[in-house]
Amino acid sequence: MTQTDPQDGGGGVASASDTLTVTDNRTGKSYEIPISDGTVRAMDLRQIKVADDDFGLMTYDPAYTNTASCRSSITYIDGDAGILEYRGYPIEQLAENSTYLEVAYLLVYGELPTQQQLDWWTNEITLHTFVHENVKEFVGGFRHDAHPMGMLLGAVGALSTFYPDGMAIGDPASREIQTIRLISKMPTLAAFAYRHIQGRPYVYPDNDLAYPDNFLSMMYKMTELKYEADPRLSRALDILFILHADHEQNCSTSAVRSVGSSQVDPYSAVAAGIAALYGPLHGGANEAVLRMLRRIETVENIPGFIEGVKSGNERLMGFGHRVYKNYDPRARIIKSAAEDVFEVTGKNPLLDIALELEKIALEDEYFIGRKLYPNVDFYSGLIYEALGLPVEMFPVMFAIPRTSGWIAQWLEMTQDGEQKIARPRQIYTGERTRDYVAIGQR
Ligand code: SDX
C-alpha cells in the first residue's frame, strides 16, 4: 500500500488496499475505512457503534495535534526536513529574490505575478494605505501605555464598521478589495499605534515609497520633508515580512479560518488572528525572547538559566515548534539578515547571549531529545530592537506580514466546498440531569 503523506496532498497512487480495517472488540464487528491523502475521515468512524442508537465513535484530539482541518495549496512545511515553501517556492529563494508585496500576491493568487500584474498590485496596495480619519480618533482613545497589539486588534476589528461591504464574502470583487485594504492598511494601523504610545503625531502614508520604506516612514519620520530609509534596513525588513507571511494552519490562521467559517467579514476574522498571535506561545514569543535575553543579562548567567529550563521553572522562548523538529528555516535566514542590520545599527549586545544560548542548547540532550531548535522568533526580536522598536511592537511586526497569509487562507476557506461553520464536539465530563435545589437547602 503506498504511504501517502498528508503534507503533500496525497501524491501517492491510491490502491484498492488504501483502507484501514478496524475491529471493534466491544462488538467483534470489523469496518473498512478508506485512507486518502494519509488521513481517514473522522466522520467515517461514526458508523462504529455498540448499539443502533449509539452516537458512534468520534476522535479526541486536544489542540488538534494530529488533525487536518482543511485542504490547502498555499504553504507546505516538512517539519523533519526543515522545509518551508509558499505555493511550492522555497522560502530561501523567495527571501533571496523576491519582495514582500510580490510574495503577498503569490500567496493570494497562487502564482508569481507578471510585471504588469505586479505593477497593478503595487498600485492598488499603495492607493489603499490611508485609513478613515475616524480610525485615528479610535486609536487615539487608547491609554498612552496601551499594548500596541491590543490596539491593532481593536483597530482591525473596527475596520469592519467602516467597510460593511466586507460581509459580501460571496462576491469575488468584494473579497478582492477587502484583501487589498487589509494588506495595505495594516502597516498604517501598526505605525499609528506606535506613534500613539510614543506620544508623537501620526505620519500619513507616502505613496512615493515602497511598502517597507513607507512603513519605516510612518514609524520614524519627524520634521524632515521626506523620510529616507537606509536601503539595508528596508531590505532586511522586507525579508522579515517575507519570512513571516504564512505558515499553514498555525494557531492564528486556524483562528481566522474558524471565525471566518461563520461567514463574518474578513476584518473580524483577521482580528481573531491578531488576538491569537498576541499570545506568548505564538507571535508574542519574539517579545518574550527579548525579555528573556535581558533577564539573563550576561553569558555567564546562561548555565543557571538552562538549569531553570530543565527544572521547568523557565521556558526557552524562541525555541521549539509544533511542526519543525529541525532548525526552523526562517531562523537561519533571519540570523544572516541580522548581520546586515547590525552593520547599520551597530551590533546588539544581546546577540552574544543569543548565540551562546543557541550553542549550549543545541549541544544539550534535554533540548536535543525534545527536538527543540530555534524558531522564527528567536532572532527576529534582535533586529526589531536594533531598529529601535520597543518589545511591545515585536508581535505587531509579525502581524503586518502575516496578514497576507491570513487573508490568503481566508480566501481559500471561503471557496472550499468541503468547509462549513466550524463546530467541534466534546467529551462531556460534567454532572447529568439533576433537580434544582432552593438556596435554603444548598
Ligand atoms: C510561532 O505553528 C506555527 O507555525 C507557529 C509559527 C508561525 O509562523 O505561525 O511558526 C510562529 O508561534 C513559533 C513558536 C513561537 N513560540 C515560542 O518560541 C514559545 C516557546 N516554545 C514553546 O512554548 C513550544 O515549543 C511551542 C508552543 C512552540 C510548541 O509547543 P508544542 O508543540 O505543544 O510542544 P510541547 O509544549 O508539547 O513541548 C514538548 C516538550 C515538553 O516537554 P515535556 O513536558 O514533554 O517534558 O518540549 C518542552 C515541553 O515542556 N518544550 C520546551 C520548549 N518548548 C517545548 N521546553 C523548554 N523551552 C521550550 N521553548
Side-chain angles (χ1 to χ4, degrees), residues 7 61-69 72 74-80 82-86 91 95 103 107 149 240-257 270 273-293 296 302 305-334 354 357-358 360-362 364-382 391 394-395 397-406 408-409:
Q7 294 290 1
D61 187 11
Y64 311 119
T65 53
N66 192 40
T67 294
S69 61
S72 179
I74 298 173
T75 293
Y76 175 79
I77 300 174
D78 179 330
D80 292 330
I83 291 173
L84 169 57
E85 295 171 352
Y86 293 160
I91 194 69
V103 165
L107 291 172
M149 202 59 173
L240 281 170
F241 284 173
I242 290 170
L243 297 175
H244 285 82
D246 192 57
H247 214 239
E248 57 136 281
Q249 306 311 316
N250 58 83
C251 178
S252 55
T253 296
S254 302
V256 170
R257 279 179 169 264
V270 166
I274 294 172
L277 193 68
Y278 197 172
L281 292 188
H282 192 11
N286 51 25
E287 175 180 353
V289 167
L290 252 290
R291 295 182 191 280
M292 173 187 75
L293 294 176
I296 293 171
I302 291 176
F305 177 80
I306 294 284
E307 286 315 305
V309 172
K310 291 179 180 179
S311 60
N313 298 321
E314 296 282 0
R315 181 148 280 227
L316 183 50
M317 303 310 279
F319 263 66
H321 200 278
R322 176 64 56 77
V323 176
Y324 289 125
K325 299 310 174 189
N326 197 323
Y327 208 103
D328 184 333
R330 301 168 296 177
R332 205 188 308 281
I333 299 169
I334 290 177
L357 197 51
E358 176 188 355
I360 293 175
L362 293 185
D364 187 307
E365 185 44 38
Y366 177 89
F367 300 97
I368 296 167
R370 289 168 175 79
K371 296 189 176 183
L372 300 177
Y373 295 89
N375 59 48
V376 67
D377 291 306
F378 189 62
Y379 285 105
S380 55
L382 292 171
V391 288
F394 292 7
M397 298 301 286
F398 197 145
I400 293 172
R402 186 51 60 91
T403 300
S404 55
W406 286 331
Q409 298 271 352

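As the structure lists them, so they are numbered: ligands from 1, and atoms in each ligand from 1. As a basis for the values below, the full set of heavy atoms in this structure was taken, side chains included, without hydrogen atoms, waters or symmetry mates.
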Peer 1: Please say whether Arg330 places an N or O atom under 3.5 Å from an N or O atom belonging to ligand 1.
Peer 2: yes

Peer 1: Counting non-hydrogen protein atoms only, what is the nearest one to atom 47 (O) of ligand 1? Give residue, atom name and distance.
Peer 2: Arg370 CD, 3.6 Å

Peer 1: Under 4.0 Å from atom 26 (C) of ligand 1, can you find at least one protein heavy atom?
Peer 2: no

Peer 1: Among protein heavy atoms, which sits nearest to atom 58 (N) of ligand 1, and what does the distance come to when rounded to 0.1 Å?
Peer 2: Leu316 N, 3.0 Å

Peer 1: With sequence neighbours left out, what residues match Ser254 under side chain to side chain donor-acceptor pair (under 3.5 Å)?
Peer 2: none

Peer 1: Which donor-acceptor pairs under 3.5 Å do side chains of residues 371-378 form with protein atoms, sequence neighbours excluded?
Peer 2:
residue: Asn375; atom: OD1; partner: Asp377; partner atom: N; Å: 2.8
residue: Asn375; atom: ND2; partner: Gly318; partner atom: O; Å: 3.2
residue: Asn375; atom: ND2; partner: Gly320; partner atom: O; Å: 2.9

Peer 1: Identify the two heavy atoms, one from Ala95 and one from Leu243, that lie closest to each other, and give their separation to 0.1 Å.
Peer 2: CB-CD2, 4.3 Å

Peer 1: Would you mind checking which non-hydrogen protein atom is closest to atom 33 (O) of ligand 1, with the distance to 0.1 Å?
Peer 2: Arg322 NH2, 2.8 Å

Peer 1: Which residue and atom name correspond to the protein heavy atom nearest atom 14 (C) of ligand 1, and how close is it?
Peer 2: Asn375 ND2, 3.6 Å

Peer 1: For atom 59 (C) of ligand 1, which protein heavy atom lies nearest, and how many Å away is it?
Peer 2: Arg315 CG, 3.6 Å

Peer 1: Find all atoms of ligand 1 within a distance of less than 4.0 Å from any non-hydrogen atom belonging to Gly320, and give their numbers and elements.
Peer 2: 25 (O), 28 (C)

Peer 1: Could you see which bit of Asp377 sits under 4.0 Å from ligand 1, with heavy atoms only: side chain, backbone, both or neither?
Peer 2: side chain

Peer 1: Strictly inside 4.0 angstrom of atom 39 (C) of ligand 1, do you find any protein heavy atom?
Peer 2: no

